[in-house]
Undergrad: 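Take this structure, written in structure tokens, and hold onto it; I'll ask about it next.
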Amino acid sequence: MAAALLANTLYSLGFVLEKRALTSLPEVSIRQPARLLRLVLKSPLWIGGSLALAAGFAAQLVVYRTLPIAAAQGIFVSGLVLLVLLSARLLGEETSGRERYALGAILLALLMVVLSLQEGSDTVSQDAPYQLILLVCVPALAAGVWLYGSAERRTRNRHRRPTTGVEYGVAVGLLYGVSSLAIKGVSSHLTTHGIGGALVDLLSSPYPYLLLFTGVFGLVMSQAALQRCRASLIVPVCTTVTSLFTAVLGTLSFGEALPDEPLRLALRLAGTALAVAVLLTMPKHDTAPQPSPPAKELASP
């Protein structure tokens, strides 16, 4: 539990620091990944945010070794409250009334998932068939990349109203959902005994390669999306998609059984359905005040 709360804090702080750094950089694009990396690596503030995210990743490894997947996701999403508070305080972002209701509904949905858990009866699985993991992850990666590209094409339409970033959040959330499953898989191979054998076993699994793919593409895609959209909206959407993907498909893939009791099963299914419904009804166009555009964009004619 302590590791999960620490991961929440580090992730929220990391995203906010990266967003603040990106607002002072020239416009970045996924079509120029080398330029994007060159720009962000020159920013001490962005590097600080990335280190916070990396520390959150380490804390997440600990969580997955001690908590069921669904329980971990419920706790991770509780960090959305801290993210919204930090965004308002450090970035000056404001959320609309409709968006605040949506975030509240998401937290309620995840609370329902947490209440469906029962200590002692929920198992923590450590392994899953590789074929099943690939069957789940490969289509999700393809869908995420396609959805992001579709959002980019619509955004470039100069006559289109400003987007809230929901499409970006869903796309990046799918990639991070795959990354979360990969982290779960990597955690199952971490052991203090037979380190050499564990390393060989890990490298023969799909998990490190899924992490590499989602790490590279997720970094480029998330930074471009963060610069265009409010962190207080895009990160909650991304986090919700990641958590739902991991909680539902991860639970099934790793064989962590659903509750036997009707009430607990109803809470888990209803919470999942509510979160999906909120995502589908969130506003697609932005009406809230936007942060200042990148510095070089202001100077352009």
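Note that these values count all heavy atoms, side chains included, but never hydrogens, waters or copies made by symmetry.
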Undergrad: Can you name the one residue among Ile183, Val178, Leu175 that meets side-chain contact (heavy atoms from CB on, under 4.5 Å) with Leu210?
TA: Val178
Undergrad: Flag yes if Val136 and Val138 sit in one hydrophobic cluster, no otherwise; membership is Ile, Leu, Val, Met, Phe, Trp, Tyr, and two members link when side-chain heavy atoms are under 4.5 Å apart.
TA: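 Per the 4.5 Å side-chain linkage, Val136 and Val138 are not co-clustered.
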Undergrad: Under the side-chain contact (heavy atoms from CB on, under 4.5 Å) criterion, do Arg38 and Gln32 qualify, and how do the steps go?
TA: CA-CA 10 Å; Arg38 187 172 64 253; Gln32 297 175 305; over 6 Å; no
Undergrad: Please assess Leu141 against Leu174 for the test side-chain contact (heavy atoms from CB on, under 4.5 Å), listing each intermediate value before the final yes or no.
TA: CA-CA 7 Å; Leu141 292 175; Leu174 287 172; over 6 Å; no
Undergrad: Donor-acceptor check, side chain of Thr242 to backbone of Gly173, threshold 3.5 angstrom: yes or no?
TA: yes
Undergrad: Examine Tyr148 and Trp146 and state if one hydrophobic cluster contains both, with Ile, Leu, Val, Met, Phe, Trp and Tyr joined whenever side-chain heavy atoms are less than 4.5 Å apart.
TA: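 Same cluster.
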Undergrad: Let me confirm one number: the CG-OG distance from Leu203 to Ser205, rounded to the nearest 0.5 Å.
TA: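 OG of Ser205 is found 7.5 Å from CG of Leu203.
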Undergrad: Please say yes or no: joined through hydrophobic side-chain contacts below 4.5 Å, possibly via intermediate residues, are Leu45 and Leu219 part of one cluster?
TA: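 Leu45 and Leu219: separate clusters.
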Undergrad: Got a second to check how far Thr239's OG1 is from Tyr176's OH, nearest 0.5 Å?
TA: 10.0 Å
Undergrad: When you look at Lys19 and Phe15, which way does the side-chain contact (heavy atoms from CB on, under 4.5 Å) test go after all the steps?
TA: CA-CA 6 Å; Lys19 169 65 177 179; Phe15 278 122; over 6 Å; no
Undergrad: Is a side-chain donor or acceptor of Gln223 paired with a backbone partner of Leu36 at a separation under 3.5 angstrom?
TA: no
Undergrad: Looking at every heavy atom in both Val220 and Pro33, which two are closest together, and how far apart are they?
TA: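 Closest approach of Val220 to Pro33: CG2-CB, 4.1 Å.
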Undergrad: If you define the side chain from C-beta out and look only at heavy atoms, does anything of Leu211 sit under 4.5 Å from Ser179?
TA: yes
Undergrad: Apply side-chain contact (heavy atoms from CB on, under 4.5 Å) to Leu181 and Phe245, showing your working.
TA: CA-CA 9 Å; Leu181 289 187; Phe245 180 92; 3.7 Å; yes
Undergrad: Which heavy atom of Leu226 sits nearest to which heavy atom of Glu18, and what is that distance?
TA: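 Taking every non-hydrogen atom into account, CD1-OE1, 4.1 Å.
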Undergrad: Could you label the plane-to-plane angle of the Tyr130 and Tyr207 rings as parallel, tilted or perpendicular, counting under 30° as parallel and over 60° as perpendicular?
TA: perpendicular
Undergrad: Quick check: do Val235 and Tyr11 have side-chain heavy atoms less than 4.5 Å from each other?
TA: no
Undergrad: Examine Phe57 and Leu51 and state if one hydrophobic cluster contains both, with Ile, Leu, Val, Met, Phe, Trp and Tyr joined whenever side-chain heavy atoms are less than 4.5 Å apart.
TA: yes
Undergrad: What heavy-atom pair brings Arg35 and Pro26 nearest, and what distance separates the two atoms?
TA: NH2-CB, 3.6 Å
Undergrad: Please give me the minimum heavy-atom distance between Trp46 and Leu22, naming the atom from each residue.
TA: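 Looking at all heavy atoms of both residues, the closest pair is CD1-CG, 4.5 Å.
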Undergrad: Which heavy-atom pair separates Gly144 from Met221 by the least distance, and what is that distance?
TA: O-CE, 4.1 Å
Undergrad: Going hydrophobic residue to hydrophobic residue with side-chain gaps under 4.5 angstrom, can you get from Leu13 over to Ile47?
TA: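 No, because Leu13 and Ile47 fall into different hydrophobic clusters, even though each may have its own neighbours under 4.5 Å.
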Undergrad: Taking side chain as C-beta onward, heavy atoms only, is Leu17 less than 4.5 Å from Leu53?
TA: no
Undergrad: Taking the side chain as every heavy atom from C-beta outward, state whether Phe217 and Val172 have any atom pair closer than 4.5 Å.
TA: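 No, side chains not in contact.
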Undergrad: Working to the nearest 0.5 Å, report the span between CG of Leu25 and CZ of Arg20.
TA: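 It comes to 13.0 Å.
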Undergrad: For the residue pair Val16 and Ser87, establish whether any side-chain heavy-atom pair is separated by less than 4.5 Å.
TA: yes
Undergrad: So which heavy atom on Leu147 is nearest to which on Ala171, and how close?
TA: CD2-N, 3.8 Å
Undergrad: Would you check if Glu27 and Arg228 make a side-chain contact, meaning some heavy-atom pair closer than 4.5 Å?
TA: yes
